[in-house]
Asker: 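Submitted below is the structure of interest, expressed as structure tokens.
Order of the sequence lines fixes the chain letters, A, B, ..., with proteins taken first and strands second; residue numbering starts at 1 for each chain. These numbers come from the heavy atoms of this one structure, side chains and all, not from hydrogens, waters or symmetry mates.
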Amino acid sequence: MNYDYLKIEKKWQKIWEETKPFAAVTGSDKPKFYPLVEFPYPSGDGLHVGHPRPYTAMDIVARKRRMQGYNVLFPIGFDAFGLPTENYAIKNHMHPRAVTNKNIAGFTSQLKMLGYSFDWDRVVDTTDPSYMRWTQWIFLQMFKHDLAYKTSMPVNWCTSCKIVLANEEVVGGACERCGGEVVKKEKSQWMLGITKYAERLIEDLDTVDYIDRVKAQQINWIGKSTGAEVDFKLSTGDVIRVFTTRPDTLFGATYMVISPEHSLINERIDSIKNVASVRDYQHEAAKKSDFERTELQKEKTGVMLEGIHAINPASGKEIPVFISDYVLATYGTGAIMAVPGHDQRDWEFAKQMNLPIVEVVQGGDIEKEAYSSKDDDAVLVNSGFLNGLKVKEAIPQMIDWLKQNGLGIEKVNYKLRDWVFSRQRYWGEPIPIIHCPSCGYVPMDEADLPLLLPDVESYEPTDTGESPLAQIHEWVNCKCPKCGGDAKRETDTMPNWAGSSWYYLRYMDAHCDTALASKEAIHYWSPVDWYNGGMEHTTLHLLYSRFWHKFLYDIGVVNTVEPYQRRTSHGMILGEGGEKMSKSRGNVINPNDIVDQYGADTLRLYIMFIGDFEKAAPWSDNAVKGCKRFLDKVWRLAHVKLSDEMSEYSERNERALHRTIKKVGEDIESLKFNTAIAALMAMLNEFSENGINRAELKDFLVLLSPFAPHIAEELWEIQGYGNTAAEQSWPSYDESKTLDDMKEMAVQVNGKLRSTVTLPTDSPDDVCVSEALNNPKIKKYAEGMQVVKTIVVKNKLINIILRPNK
RNA sequence: GGGGGCAUAGCCGAAUUGGCACAGGCGCAUGGUUUAGGCCCAUGUGGAGCAAUCCGUGGGAGUUCGAAUCUCCCUGCCCCCACCA
């Protein structure tokens, strides 16, 4: 006698579609609550079974908060610009617009199939001109505030396709499409100055409620380090500036290393005697990623610049200059002073190259490895005026000395790099900048936004590494807004991170055409109260959107310093074997199949019951059945008209009810959906044992409704309680009714469990101890012993410490 | 290499945050119900032992009356690393 989930679920989804019970009201007097899920990228594969995990979780939260009297904004949209859509379009000769529309339609019907209480009137699509307009508008504001600039950056370049590749398209150093060699190539790129916000992005984490691992990851990613920049004079008369976190070890700098891309090499190529080997090395380095280059394990390589040497500003000694790929052009100044005695990478390089290793900090054994400790027993030696100082004292002393002699400055450095904002692709927002031969980079007039993508024949990037837009001459050629002369449009597009950096603001007022959202809506809804998303977005999307928000705050568009008040994160859903789901492994679960076979309510319930929400969990077909059984059991118990009579076990039912109300309510707020469902299952087991009446079922259905809304509404209607379950108030509980009269307490002797005693709840400690000592088993242990100490943990445990009588 | 995290039953996982290890589910076993299968219901289910008991949270040490939980060392696994989103 199982229920017809397909019919019931369709029925309620239709009702929700027509009556819109989940629409948010801007300006309502109720307290507002804004939960947010990361909007999906509408890929051609459709919804993945990983999507419902965060979506169901936040739907449960949203539904519960509505029942608690909140005005809830629970929106959804589509992050629809991106590479896979473009590649699909190229392959199938379709317009990316058509592909996107098809995919969004598919995602929409799948999301509706799962019964989410989204406000469908606020759907956002980042590729829609009315949305793109404001993404471009924000970019223009950044440009006007000197946060957007052009610079030369290395890109992945396939030497055979002659196009720029995304990191993802580079597989094992080769082009994913043709297998050709991929090298780093310098290309002029638009950048956003996120590093100007580095300090605030760290500091303001104190004002938000993010789970610790998100905070830690962002802080480490931004990578603040304090040290100094020091100038080294070269024999060529140039000065190379290096960044170091250990200025105290300057006397131990026995050589210098600059990155293979350093501009000095070209500038002083005439002074270099071994040009051929330097060029070879540069070519080899260009093939490697930063990731490969900084691997500590690998053998260090490098080439000395013959004919050039530097002077150590502290010791005055001549030291050689190398190029090596373990120094990155993009971090610090692209050059380092090498202190092999006290930096492990320098130590390995020095061993490799047979360079002298000098000890300037005592405390380790530099014959075996570099000694990099900053502890108090690390003391400076061989370092002139620093001798005898602890590292912590020597650092400020050296900085003072550098400042006084004009040789360096104190410097805070960040690992965070500015954001490469250009893509040589078609399916993204065009960057609304015009290149004028006489005026330079000129922003488009805001009134002319949005700048739409032109229709093109082919979406392939060109073989010069330009975006396909470059070939549309009627689109590229334009007049300069400033001088009216002939000019050209920027042909690079924005990365898809652009649209996702501010979408939560658009939801607040999704159809506004005078601003990205009205002031009124922004002030009413900000900030997002609870944002749940994947850990993989911590250092990219989440950081980018915090940066954009802070910029919008600075220019007066938004009224809060941070966009998201609370951030939580869910674990991945893995395949049955515990491996990541992927098409190539063939272990992908399609939510449609599960809904067909068991229904949306079962899928929702299972995906929340699968395990700890914050951890990865493997899918199990069998375990899904357990959740279906639970709902079948609910149905059997509740689809017949129940009586109003109290059962003889009503006291037990009442206690189960109050406990479950407490547990489910608390668990939902603390992401423990799995134990909330376990509590509902236990409650149902109690009811089926004791019998259930109409009033008891009513509360049960209200508790169940956020998790399995369709079956809850159907049974609600069958019982004729009036209105809908979703409109009910969240039930409250009475603490005193959750408690037992008697408690079974553990009795330990010397910390080992020996027996139990059952006592009235909250019995005083001395009663507990005397009852324990009266216990026959404990008496046996206590024979010939004296009680040294007793420990009582209220309602839980009595521990008696015994020693032999003397 | 850097960063973040994880390890409890045959499997997924609980454990009031230092207090009776294993709630709930899956699976399995036995019995019942059913024309049969499925469904459903009941009971049992960490290991060893006839038992009293003993052992048990990846491995090792430590702190404590008491450790899955805290500290240190070791091992194994997963995720992210800036142009996938």
Asker: What is the nucleic acid contact for Ile610(A), judged by heavy atoms within less than 4.0 Å: base, sugar-phosphate only, or nothing?
Answerer: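 Sugar-phosphate: the residue Ile610(A), judged by heavy atoms under 4.0 Å, touches backbone atoms but no base.
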
Asker: Would you mind reading off the distance between Arg345(A) atom CZ and G1(B) atom C1', rounded to a whole angstrom?
Answerer: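 Distance, rounded to whole Å: 9 Å.
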
Asker: Given A82(B), G13(B), C55(B), which nucleotide is nearest the side-chain atoms of Pro618(A)?
Answerer: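 Nearest nucleotide to the side chain: G13(B).
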
Asker: Check the phosphate of C41(B) against Arg636(A), side-chain N and O only, distance under 4.0 Å to OP1 or OP2. Yes or no?
Answerer: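 Checking Arg636(A) against C41(B): at least one side-chain N or O falls below 4.0 Å of OP1 or OP2.
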
Asker: Might you list the N or O atoms of the protein lying below 3.5 Å from N or O atoms in nucleotides 18-22 of chain B, with each pair's distance?
Answerer:
residue : atom : partner   : partner atom : Å
G19(B)  : N2   : Gln748(A) : OE1          : 3.2
C20(B)  : N4   : Glu744(A) : O            : 2.6

Asker: Output the rounded distance in Å from NZ (Lys615(A)) to P (G4(B)).
Answerer: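 Roughly 18 Å, once rounded to whole Å.
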
Asker: Atom CG in Leu680(A), atom OG1 in Thr660(A): separation rounded to 0.5 Å?
Answerer: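 So the gap between those two atoms works out to 6.5 Å.
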
Asker: Tell me whether the OP1 or OP2 atom of U64(B) has a side-chain N or O from Lys789(A) closer than 4.0 Å.
Answerer: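 No, no such contact exists.
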
Asker: What integer number of Å spans the C1' atoms of C40(B) and G5(B)?
Answerer: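 Result for the C1' pair: 43 Å, nearest Å.
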
Asker: Could you tell me whether Lys672(A) and Glu666(A) have a side-chain N and a carboxylate O separated by less than 4.0 Å?
Answerer: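 Salt bridge absent between Lys672(A) and Glu666(A).
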
Asker: Could you check how far NE2 of His570(A) sits from P of A85(B), rounded to whole Å?
Answerer: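 It works out to 17 Å between those atoms.
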
Asker: What is the distance, to the nearest angstrom, from the CH2 atom on Trp347(A) to the P atom on G1(B)?
Answerer: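 Rounded to the whole Å, the gap is 16 Å.
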
Asker: Quick check: any donor-acceptor pair below 3.5 Å linking the side-chain of Glu536(A) to the base of C84(B)?
Answerer: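 No, the side chain and the base share no sub-3.5 Å donor-acceptor pair.
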
Asker: Just do the salt bridge (Lys or Arg N to Asp or Glu O under 4.0 Å) check on Glu38(A) and Arg567(A) with the steps written out, would you?
Answerer: CA-CA 11 Å; Glu38(A) 288 170 342; Arg567(A) 171 75 178 190; 2.9 Å; yes

Asker: With respect to the side chain of His537(A), which nucleotide from A15(B), A85(B), C12(B) is positioned closest?
Answerer: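 So the nucleotide nearest the side chain must be A85(B).
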
Asker: Considering only the P atoms, how many Å lie between G76(B) and G25(B), rounded to the nearest integer?
Answerer: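 Per the computed distance, 37 Å lies between those P atoms.
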
Asker: Rounding to an integer number of Å, can you tell me how far Asp79(A) CG sits from C84(B) C1'?
Answerer: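 It is 11 Å, rounded to the nearest whole Å.
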
Asker: Return yes if some donor-acceptor pair links the side-chain N/O of Tyr131(A) with the main-chain N/O of Gly499(A) below 3.5 Å, else return no.
Answerer: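 Yes: the side chain of Tyr131(A) pairs with the backbone of Gly499(A).
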
Asker: Could you give the CG-to-P distance, from Asn87(A) to C84(B), as a whole number of Å?
Answerer: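 Computing the Asn87(A):CG to C84(B):P distance gives 11 Å.
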
Asker: Using the P atom on both, measure G49(B) against U43(B) and round to a whole Å.
Answerer: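 These two P atoms come out 27 Å apart once rounded.
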
Asker: By nearest heavy atom, map Ala623(A) and Lys633(A) onto RNA chain B; which one lands nearer the 5' end?
Answerer: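 Mapping each residue to its closest nucleotide by heavy atoms, the 5'-most match is Ala623(A).
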
Asker: Counting side-chain heavy atoms from CB outward, which of G24(B), C83(B), A82(B) is closest to Ala678(A)?
Answerer: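 Nearest nucleotide to the side chain: G24(B).
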
Asker: With a non-hydrogen cut-off below 4.0 angstrom, is Lys415(A) in contact with a base, only sugar-phosphate, or nothing?
Answerer: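 Base, at least one base atom sits under 4.0 Å.
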
Asker: Any donor-acceptor pair under 3.5 Å linking the side chain of Lys215(A) with the backbone of Leu205(A)?
Answerer: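 Flag set: sc Lys215(A) to bb Leu205(A) pair under 3.5 Å.
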
Asker: Atom NZ of Lys215(A) and atom C1' of G4(B): how far apart are they, to the nearest Å?
Answerer: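 Computing the Lys215(A):NZ to G4(B):C1' distance gives 16 Å.
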
Asker: Counting the atoms with a prime plus P, OP1 and OP2 as sugar-phosphate, which does Leu416(A) contact under 4.0 Å by heavy atoms, base, sugar-phosphate, or nothing?
Answerer: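 Base, at least one base atom sits under 4.0 Å.
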
Asker: It should be established whether Arg629(A) places a side-chain nitrogen or oxygen under 4.0 Å from OP1 or OP2 of nucleotide G27(B).
Answerer: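 For G27(B), OP1 or OP2 has a side-chain N or O of Arg629(A) closer than 4.0 Å.
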
Asker: Nearest to the Tyr41(A) side chain among A85(B), C80(B), A82(B), which nucleotide is it?
Answerer: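 Nearest listed nucleotide: A85(B).
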
Asker: Looking at A82(B), I'd like to know if its phosphate oxygens (OP1 or OP2) sit under 4.0 Å from a side-chain N or O belonging to Arg417(A).
Answerer: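 The answer is no; no side-chain N or O of Arg417(A) sits under 4.0 Å from OP1 or OP2.
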
Asker: Just the rounded figure in Å: distance from P of G5(B) to OH of Tyr210(A).
Answerer: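 That distance rounds to 17 Å.
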
Asker: Between His639(A) and Trp635(A), what is the ring plane arrangement, given parallel below 30°, perpendicular above 60°, and tilted in between?
Answerer: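 Because their plane-to-plane angle is under 30°, the rings of His639(A) and Trp635(A) count as parallel.
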
Asker: Hey, does the side chain of Asn750(A) come within less than 4.0 Å of G66(B)'s phosphate (OP1/OP2), counting only N and O?
Answerer: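 No, no such contact exists.
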
Asker: Looking at Glu176(A), is its backbone amide N or carbonyl O close enough to the side chain of Glu169(A) to form a donor-acceptor pair, meaning the two atoms are under 3.5 Å apart?
Answerer: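 Checked: no pair found.
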
Asker: Give the dot-bracket line for RNA chain B from 5' end to 3' end: parentheses for intra-strand Watson-Crick or G-U pairs under 3.5 Å, square brackets for crossings, | for inter-strand pairing, dots for unpaired.
Answerer: (((((((..(((......[....)))((((((.......))))))(((....)))..(((((..]....))))))))))))....

Asker: Taking OP1 and OP2 of G24(B), is either one under 4.0 Å from a side-chain nitrogen or oxygen of Asn685(A)?
Answerer: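 Checking G24(B) against Asn685(A), no side-chain N or O comes under 4.0 Å of OP1 or OP2.
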
Asker: When you compare the side chains of Tyr41(A) and Thr85(A), does any donor N or O come within less than 3.5 Å of an acceptor on the partner?
Answerer: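 Yes, Thr85(A) and Tyr41(A) have a side-chain donor paired with an acceptor closer than 3.5 Å.
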
Asker: Would you say a side-chain N or O of Asn622(A) is under 4.0 Å from OP1 or OP2 of G27(B)?
Answerer: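 Yes, within the criterion.
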
Asker: Identify, with sequence neighbours excluded, every residue that meets side-chain contact (heavy atoms from CB on, under 4.5 Å) alongside Asn167(A).
Answerer: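 Asn167(A) satisfies side-chain contact (heavy atoms from CB on, under 4.5 Å) with Asn156(A) only.
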
Asker: Just by distance, do the side chain of Asn413(A) and the backbone of Ser225(A) share a donor-acceptor pair under 3.5 Å?
Answerer: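 Such a contact is absent between Asn413(A) side chain and Ser225(A) backbone.
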
Asker: Do Asp418(A) side-chain atoms and Ile194(A) backbone N/O form a donor-acceptor pair below 3.5 Å?
Answerer: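 Confirmed, Asp418(A) side chain pairs with Ile194(A) backbone.
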
Asker: Does a nitrogen or oxygen in the side chain of Arg659(A) sit under 4.0 Å from OP1 or OP2 of U16(B)?
Answerer: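 Arg659(A) to U16(B) OP1/OP2: no side-chain N or O under 4.0 Å.
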
Asker: Could you tell me how far U69(B) sits from U63(B) if I compare only their P atoms? Round to whole Å.
Answerer: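 Looking at atom P only, U63(B) and U69(B) are 15 Å apart.
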
Asker: Could you go through Gln217(A) and Thr539(A), starting from their C-alpha distance and side-chain angles, then the distance that decides it, and tell me whether this counts as side chain to side chain donor-acceptor pair (under 3.5 Å)?
Answerer: CA-CA 7 Å; Gln217(A) 243 179 65; Thr539(A) 53; 5.1 Å; no

